[in-house]
Amino acid sequence: MTDLTTLLEVGGPLAALGGGAAYTRAKYPAVYWSAVGGPISTVRLLSSYSSVMEACGLTVAPSRLRVLAVKATTRREVRPVPPRRGLIRPTSTGLRIRLRLAPGQEPADVAASAERLRHAWGVHAVYVTTVKPGVVELRLVGYDVLRRVRMPRKVDSGFLKVPVALREDATPFVRDYRTVPHQLTLGATLSGKSMYLRHLIAGLARQPVALVGIDCKRGVELAPFAARLSALATDPDEAAELLPVLVKEMEDRYDLIKERQGIAPSTPDEEITSDIWGLPETERPLPVVLFVDEVAELFLTATRKDEERRDEMVTQLIRLAQLGRAAGIYLEVCGQRFGAELGKGATMLRAQLTGRVCHRVNDEASAKMALGDIAPEAVDAACAIAPELPGLAVAGDTSGGWSRIRTPYLSLSDAAEICRESAHLVPDLPALKPFRPDVPARPVETLAPAPLPHPVTD
């Protein structure tokens, strides 16, 4: 009886501790990792590093000098040598460790063993990046960071850089318009595409940039941000009038660049430029970011007249995609569906869009149109996105690299408030004034009438 009582006294707190750890791991994975998971994985890594590397085939034969030194000092067996390990650096989401590769090894050898390392050290995922020739960094992620997105506190943001999502390796996904000038973003209804667009506009609203929108859904997606938009077209007819104005703006900027190039022969080379970023700051026009929502609406036609208008608009979009980068005009093309069957020019327009973000789509053809030409293996990852994970997407570019990302939640009211607070940053572009949207007045909150004072009576 005494033993049973003692067992209950000891087992009760242990069961409560285990239940609390399990609850914390499910509800607060970051806290669990910092308190329990991180120390356990660190101990596993330190205690089994050599044996795990040998099991993964990442060891090499020791040098002759090492063999002679071991035999001269000890009688131990000379074992293969694993890559030299650096210091373990803990983070809020995992661990980082650098490895110096042995002669004859390459980063692909370590990347091929990432799944084995994940199971051996008890982490959620292992990612391998090359730091410099002969040195790779292992990024160990302790839990699924895309299940509940929390952006890092320190993000490399700047002019024309917007952190919009979190990658599966716990690094921020930054939309850099100077590096990737044009992008195609696809996503079905309730896939999170609108949330992605919301983050882009909210991030650019605080910067000295002209924002232009084409929203053929009668403006329901972009109208809440009207206070910060320099121009907005809400149907194909208005878009057909707005696009030629943007093309003319692009041509005027090229004329400005040509004037700067055509100066005296004695001008130093560093003062001659081929884009607006080489112009003096006092002469440099502000960048323009064009958001096209529901791009398929621009391709759809019903009559012969619509076909002529469609061909003209598609041609202008292609011209902006081909030549707009040097003039500081960038495209963000969004839609639910994008395929070659939209009509002439669809494939040519896609070829000019360097960046690709594919949320959950309703058919494999759209995923292939977005990612098939840059990373065929990413198509399967895009088609496997579950409906209960809104905001999850596959991001890639024409370099062939791709990764899973997820956008954090941002309410429409918060994004619209950011645009209203940044309304004073709308640049003065005379050509776009006819297309400036009307900003609805903020509704006045009705206050409850003040209570009447009670009469004083005896």
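In this chain, numbering begins with 1 at the start of the sequence shown. Hydrogens, waters and symmetry mates play no part in the numbers below; they use all other heavy atoms, side chains included.
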- [ ] Kindly check if the number of other-residue, nucleotide or ligand heavy atoms within 6.0 Å of NZ (Lys217) is above 12?
- [x] yes

Task: Partners meeting side-chain contact (heavy atoms from CB on, under 4.5 Å) with Leu425 (sequence neighbours left out) - done: Arg228, Ser422

TODO: For residues Ala393 and Ile385, report the shortest heavy-atom separation together with the two atoms involved.
DONE: CA-CD1, 3.9 Å

- [ ] Quickly, which of Lys193, His359, Glu294 forms a side chain to side chain donor-acceptor pair (under 3.5 Å) with Gln336? Name it, please.
- [x] Glu294

- [ ] Taking Gln207 for its side chain and Leu160 for its backbone only, find out whether a donor-acceptor pair lies under 3.5 Å.
- [x] yes

Task: Glu297 backbone acceptor or donor facing Arg310 side chain under 3.5 Å - done: no

Task: Residue pair Arg85, Leu45: steps toward the side-chain contact (heavy atoms from CB on, under 4.5 Å) verdict - done: CA-CA 11 Å; Arg85 172 177 55 82; Leu45 194 154; 3.9 Å; yes

Task: Short side-chain to backbone donor-acceptor contact, Arg284 and Leu279, under 3.5 Å - done: yes

- [ ] Could you tell me the separation between the CD atom of Glu332 and the OH atom of Tyr177, rounded to the nearest 0.5 Å?
- [x] 4.0 Å

Task: Heavy-atom closest pair, residues Arg309 and Asp237 - done: NH1-OD1, 2.5 Å

TODO: Please work out which of the three classes, parallel, tilted or perpendicular, describes the rings of His182 and Tyr330, given edges at 30° and 60°.
DONE: tilted

Open item on the list: Test your reading of the model: is there a side-chain donor-acceptor pair from Arg150 to the backbone of Leu166, 3.5 Å cut-off?
Closed with: no

TODO: Take Asp169 and Thr93, measure what side-chain contact (heavy atoms from CB on, under 4.5 Å) needs, and give me the verdict at the end.
DONE: CA-CA 9 Å; Asp169 61 353; Thr93 58; over 6 Å; no

Open item on the list: Let me confirm one number: the OG-CG distance from Ser50 to Leu58, rounded to the nearest 0.5 Å.
Closed with: 12.0 Å

Open item on the list: With heavy-atom distances below 4.5 Å as the criterion, would you say the side chains of Leu389 and Arg147 are in contact?
Closed with: no

TODO: List the atom of Arg198, the atom of Ala415, and the distance in Å for their closest heavy-atom pair.
DONE: CG-CB, 3.4 Å

Task: Pairing residues for Glu364 by the side-chain contact (heavy atoms from CB on, under 4.5 Å) criterion, not counting sequence neighbours - done: Lys368, Val379, Cys383

Task: Partners passing side-chain hydrogen bond (donor to acceptor under 3.5 Å, both in side chains) against Ser113 (at least two apart in sequence or in another chain) - done: none

Open item on the list: Tell me whether the count of non-hydrogen atoms from other residues, nucleotides or ligands lying under 6.0 Å of CZ in Arg436 goes above 12.
Closed with: yes

Open item on the list: Within the structure provided, determine whether Glu249 and Leu432 are in side-chain contact (heavy-atom separation under 4.5 Å).
Closed with: no

Task: 4.5 Å side-chain heavy-atom contact, Leu197 and Cys334 - done: yes

- [ ] Using a strict 4.0 Å threshold on nitrogen-to-oxygen distance, state whether Glu417 and Arg420 make a salt bridge.
- [x] yes

TODO: Look up atom CG in Leu317 and atom CE in Met348, then write down how far apart they are to the nearest 0.5 Å.
DONE: 13.0 Å

TODO: Run the salt-bridge test on Glu251 and Arg319 with the 4.0 Å N-O cut-off and return the result as yes or no.
DONE: yes

TODO: With sequence neighbours excluded, tell me which residues meet side-chain contact (heavy atoms from CB on, under 4.5 Å) with Pro39.
DONE: none

TODO: Just jot down the side-chain contact (heavy atoms from CB on, under 4.5 Å) partners of Glu137, sequence neighbours excluded, or say none.
DONE: Arg89, Arg96, Arg98, Thr129, Val131, Arg139

Open item on the list: A quick test of your reading: do over 12 heavy atoms of other residues, nucleotides or ligands sit less than 6.0 Å from CG of Leu412?
Closed with: yes

Open item on the list: Can a donor-acceptor pair be found, under 3.5 Å and without considering hydrogens, that links the side chain of Ser48 to the backbone of Ser51?
Closed with: no

Task: Leu331 and Gln352, any side-chain heavy atoms less than 4.5 Å apart - done: no

Task: CZ on Arg337 to OG on Ser366, rounded to 0.5 Å - done: 3.5 Å

TODO: Output, in order, the C-alpha distance, side-chain angles, deciding distance and verdict of side-chain contact (heavy atoms from CB on, under 4.5 Å) for His199 and Val162.
DONE: CA-CA 8 Å; His199 275 274; Val162 182; 5.5 Å; no

Open item on the list: Are the side chains of Pro287 and Trp277 in contact, using a 4.5 Å heavy-atom criterion?
Closed with: yes

Task: CD1-CD1 distance between Ile97 and Ile88, expressed to the nearest 0.5 angstrom - done: 5.0 Å

Task: Residues Leu410, Tyr196; criterion side-chain contact (heavy atoms from CB on, under 4.5 Å); working and verdict - done: CA-CA 9 Å; Leu410 176 64; Tyr196 181 88; over 6 Å; no

Task: Residue among Val180, Leu320, Asp275 satisfying side chain to side chain contact (heavy atoms under 4.5 Å, CB included) with Arg325 - done: Asp275

- [ ] Could you name each residue pair satisfying side-chain hydrogen bond (donor to acceptor under 3.5 Å, both in side chains) that touches residues 375-385, not counting sequence neighbours?
- [x] Glu377-Trp402

Task: For Asp109 against Gln105, the heavy-atom pair lying closest together - done: OD2-CA, 3.7 Å

TODO: First locate atom CZ of Arg404, then atom CZ of Arg167, and finally report the distance between them rounded to the nearest 0.5 Å.
DONE: 13.0 Å

TODO: Would you name the heavy atoms of Ile276 and Arg253 that are closest together and state the gap between them?
DONE: CD1-NH1, 4.4 Å

TODO: With the side chain counted from C-beta on, respond yes when Ile40 and Trp33 share a heavy-atom pair under 4.5 Å apart, and no when they do not.
DONE: no

Task: Ile201 side chain near Leu222 side chain, heavy-atom distance below 4.5 Å - done: yes

Task: Contact summary for Ala321 and Leu349, nearest pair of heavy atoms - done: CB-CD1, 4.3 Å

Task: N/O donor-acceptor pair under 3.5 Å between Arg406 side chain and Pro390 backbone - done: yes

Task: Contact check, side chains of Pro208 and Pro427, non-hydrogen atoms, under 4.5 Å - done: no

